[in-house]
Number of protein chains: 2
Amino acid sequence: MGRGKIEIKKIENTTNRQVTFSKRRAGLFKKAKEISILCAADVAVIVFNSTGRLFDFASSSMKRILERYRNASGGQAWNNEYEQMLSQFRNLKKENEELQKEMSYVTGEDVETLAPNQLEYLEGNLVVAAKKVRDRKTEVLKYERRKTESKVTGLQQKCAILREWLTNPENHEEYGITVCNSEGPTPPPPAFRVQPSQPNLQSSGY
Amino acid sequence: MGRGKIEIKKIENTTNRQVTFSKRRAGLFKKAKEISILCAADVAVIVFNSTGRLFDFASSSMKRILERYRNASGGQAWNNEYEQMLSQFRNLKKENEELQKEMSYVTGEDVETLAPNQLEYLEGNLVVAAKKVRDRKTEVLKYERRKTESKVTGLQQKCAILREWLTNPENHEEYGITVCNSEGPTPPPPAFRVQPSQPNLQSSGY
DNA sequence: TTACCTATATATAAAGT
DNA sequence: TACTTTATATATAGGTA
């Protein structure tokens, strides 16, 4: 339809291509509108031109048509992002429910449903956990005591040095800043990590 | 274009409408294909006919075009469902991480990061939980013992009756099936619910 | 439905302005 | 570059099979 017949293949001349695009886009949208009115159809057209610009037409709400499309196409041609998140979401939800259930067991709140042998096992775990916590508490307290003691020792040494200075003022230069900064010979604690209040726990192994 | 001109308004004759729909749908998709080839455009067309059936055309992957549309339209015309799920997803994830952290504390696995007073508190909770579980276990065991005892009593009664029958065979008809089914007078347990191994825990209150 | 026919309405390629 | 014109290609309404 035009002065000459054209082959359906990419128009290489840029200007020409843009002109044709504008004309045909208008035609396409007009046709879409007509079929939607004539046949009571719901139509959406989405077009990106070769430079990536978006043009769209929808006979009603684009949002609604796309939602409807997602339902009708059975999630088949839906975007990965959505599907992936949906599946991740379900997994998370399941995991969450299990965690909450376990949590309710482990706090002794929802144990009415458990059989005697399960109760036995749970009790054992709780006792072990309590012991671990108690042991750790002891360890920490011991470490802090040691730290404090070494601080005391350090201060005592410092005092001794100061006293020495007062007694023999001519030896001042022999002791430098070194002495003043030393707070004691206590070694760092075994595997003692202090982290901020929100540590990242990725592993679920317990 | 056709034998006669038609007004652009809904075609009331159903057959006619369906025929026109088929023809124009084919035309629309053809035009969409042509513009996509001629102008190197990316085109998607979605059509629902008046009975709700879906027809679609995409010059490349429908999935990709819709994703691209979502980005290009700035999420404006995106479906609520997605946004809502995204926010729910984030909440769940956060909740999940917290639960896992708590779980790791409560099993005594990840207590290195806790301060002495936190350890003290945790230990207290664990001891309380262990006691609750132990108490429940005792309760269940007592209940089961009672049940067994009443079963024994029932059987003893049955035996007595059978012995009685053997002694005085002429009184058989006085005792019916009733006696044989009675397993004892034990009342139902106080708030004792036995559920299958995977109970549904919907409430998160604890 | 589905496909074919054909007169006509429309769309549009290319040229003009 | 953008609008108008115009010759021609295409789409399709209304039939028929």
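So that the names make sense, note that chain A is the first sequence line, chain B the second, and so on, each numbered from 1. Small disclaimer: the values here were computed from a predicted structure and weren't measured.
- Across all non-hydrogen atoms, the minimal contact from Phe57(A) to Lys33(A) is CZ-CA, 3.6 Å.
- Residue order along DNA chain D, read from the 5' end via each residue's closest nucleotide, puts Glu34(B) first among Glu34(B) and Asn16(B).
- Contact annotation: Lys23(B) does not reach the phosphate of dA11(D) (side-chain N/O to OP1 or OP2, under 4.0 Å).
- Checking Asn168(B) against Glu164(B) by side-chain atom types alone, a donor-acceptor pair falls below 3.5 Å.
- Rounded to an integer number of Å, the gap from CZ of Arg17(B) to P of dT1(C) is 12 Å.
- Place Thr15(A) and Arg3(A) on DNA chain D by their nearest nucleotides, and Thr15(A) ends up nearer the 5' end.
- In this structure, Glu7(B) atom CD and dA9(C) atom P are separated by 15 Å, rounded to whole Å.
- The nearest whole Å value for the distance from the CE atom in Met1(B) to the P atom in dG14(D) is 12 Å.
- Taking only side-chain nitrogens and oxygens, Thr20(A) comes nearer than 4.0 Å to OP1 or OP2 of dA13(C).
- Rounding to whole angstrom units, NZ of residue Lys31(B) and P of dT10(C) are separated by 14 Å.
- For the pair Ile8(B) CD1 and dA11(D) P, the interatomic distance rounds to 16 Å; values are reported in whole Å.
- If you take CZ of Phe29(B) and P of dT12(D), they are 12 Å apart, rounded to a whole angstrom.
- One atom, CG of Leu28(A), and another, C1' of dA11(C), lie 12 Å apart when rounded to the nearest Å.
- Ion pairing between Glu139(A) and Arg136(A) holds under the 4.0 Å rule for side-chain N and carboxylate O.
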Please report the C-alpha distance between Lys137(B) and Glu120(A) in whole Å, then the side-chain angles of each, then the deciding distance to 0.1 Å, and finally whether the salt bridge (charged side-chain N to carboxylate O under 4.0 Å, His left out) criterion is met. CA-CA 7 Å; Lys137(B) 190 182 66 182; Glu120(A) 190 91 37; 3.6 Å; yes
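- Between Lys5(A) and dT12(C) there is no side-chain N or O to OP1 or OP2 distance below 4.0 Å.
- To the nearest angstrom, P of dA11(D) lies 16 Å from CD1 of Ile6(B).
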